[in-house]
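Just so it is clear, the values below take in all heavy atoms, side chains as well, and ignore hydrogens, waters and symmetry mates. Below, read A as the first sequence line, B as the second, and so on, with proteins coming before strands; counting in each chain starts at 1.
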Number of protein chains: 2
Amino acid sequence: MPGSEKSVAPKFRRRADDRPDEVLDAALELFADQGFANTKVEQIAKRAGLSKGTVYLYFPSKQAIIEALVRRAVTPVAERALAHAGAFAGDPRNGISAALRQLAHGLADVRILAIPKLVVREAALVPELAQMYRHEVLDRVLPAIEMLIQRGIDAGYFRQVDANLTLRSLIGPILVHLMLADVFDISPPEGLSFDRLIENHLTILFDGLSAPEQVGAP
Amino acid sequence: MPGSEKSVAPKFRRRADDRPDEVLDAALELFADQGFANTKVEQIAKRAGLSKGTVYLYFPSKQAIIEALVRRAVTPVAERALAHAGAFAGDPRNGISAALRQLAHGLADVRILAIPKLVVREAALVPELAQMYRHEVLDRVLPAIEMLIQRGIDAGYFRQVDANLTLRSLIGPILVHLMLADVFDISPPEGLSFDRLIENHLTILFDGLSAPEQVGAP
DNA sequence: TGCAAATAACTGACCGGTCAGTTATTAATA
DNA sequence: TATTAATAACTGACCGGTCAGTTATTTGCA
């Protein structure tokens, strides 16, 4: 019989400091697979175990929810990424490999990937999202990687390429890999493995696609 | 005085075989910068010089518009792309370079780029879009490029890489380049030039990032 | 301790605006 | 005049946001 135990489920959870987070968690899942416009506030409320009105106790508007969502996810990213990037001395290939692997590893986590996906999808409608993501994530992470490349060039490890453009050659494949799989359901025959992608990519990146001199080219 | 000329602007344009196309043109522009959900049918109508009701003479629903839109844009792509890709014999580097340049050139055109952007944004909501785009474009273009790579490997021009994964290394940078510029307004200091990106990328792709043996590495 | 009074957390019915889709009517053409 | 193209007015569902009221929890006081 339900209710026969004592203190089964507290109806109210007082001093709800963590209510906002619960709302954001619920909203993230819904936004992620329905988009912002198609998610009703009442859905968010229900999934968070609340009523619609209560949501408005914590957030002034629906848009405020998505903004808070991104802000929460995005702020801690910066520190972590930067800390790692700076740590590598010597051959910058190691640093770049590590950075790439870490990036791929992070984005393999659905909960993390959901945020940039959301930002990209809703950027045109809510420019604040793109701005925030750029400021908090991209403007910190990208220059860090670019500096790694530049350092490699200056130290004579790399050829004289444009570091900023090379950055794109570096991270691009991860993006396509994700987009093909996620949006179009296209994976490599052997399955979607980031590790294999990264290793293959690093091979090409550092040593090129062309065969070493001896083999077969005329 | 407006209206003083004779037959200035015909109020009605009868027997409009090209009306559907005009509606699609209008819808594309609006969808592209407001998204599907935020575009009202009446906006589309107004931009096409029509009234809302007339739109429903040609399309049964709003969703039918976006589907027709993508279908129209997507169908002719296949032939063109395939024709070019098959044409290259000899060193497959030429074929790949050409394919990449052509791809980049095409996507530099805003009218063309608008379609995949739209598809990606609305894919979750209207899976038919993603399906159609995949079937008509990706499933034809990607294998063609992959075959180019595989041919290069078999003929001994390229090292023994995974062609399917390498495909991603190949086209990835174009995607990031576009996304950074378009969504986040991040361009290289010297300006968004696809040509420079492609040349830089091809350098790395074929010959690698690492410096040739002599220069500086210990 | 027991018992109000006070307040914090929460609810759900409701309002107003919006918008996809429909229909009654008018204009053009043959 | 008959037919078709086009319109403008209309409808009804839907949804973000509000608010008067309810329920749980805490506080003050005896």
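Rounded to an integer number of Å, the gap from B/E22 CD to D/dA6 C1' is 14 Å. The CG atom of A/L57 sits 15 Å away from the P atom of D/dA20 (whole-angstrom rounding). As a whole-Å value, the separation of A/L125 CG from D/dG16 P is 13 Å. For the pair B/Q63 CD and C/dG21 C1', the computed distance is 14 Å after rounding to whole Å. The nearest whole Å value for the distance from the OH atom in A/Y56 to the C1' atom in D/dC19 is 14 Å.
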Salt bridge (charged side-chain N to carboxylate O under 4.0 Å, His left out) between A/E67 and A/R72, intermediate numbers included: CA-CA 9 Å; A/E67 287 181 27; A/R72 178 185 70 160; over 6 Å; no
Assess the residue pair A/R168 and A/D162 against the criterion (salt bridge (charged side-chain N to carboxylate O under 4.0 Å, His left out)); give the C-alpha distance rounded to whole Å, side-chain angles, the decisive distance to 0.1 Å, and a yes or no.
CA-CA 10 Å; A/R168 289 159 170 74; A/D162 181 318; over 6 Å; no
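Under a cut-off of 6.0 angstrom, the local environment of CG in B/D33 is crowded, with over 12 non-hydrogen atoms contributed by other residues, nucleotides or ligands.
Residues from residues 38-52 of chain A with heavy atoms under 4.0 angstrom of DNA chain D, sorted by number: A/T39, A/K40, A/V41, A/K52.
Using a cutoff of 4.0 Å between basic side-chain nitrogens and carboxylate oxygens, B/E136 and B/R140 are scored as salt-bridged.
Distances shorter than 4.0 Å separate some side-chain N or O of B/Y58 from OP1 or OP2 on D/dA6. For A/T54 and C/dA9, the shortest distance from a side-chain N or O to OP1 or OP2 is not below 4.0 Å.
Between A/T166 and A/S169, the side chains place no donor N or O within less than 3.5 Å of an acceptor N or O (distance only, hydrogens not considered).
Taking only side-chain atoms of A/S61, from C-beta outward, the nucleotide of D/dA6, D/dG17, C/dT22 with the closest atom is D/dG17.
Aromatic ring pairs are classed by plane angle as parallel below 30°, tilted from 30° to 60° and perpendicular above 60°; the pair A/F206 and A/F158 is parallel.
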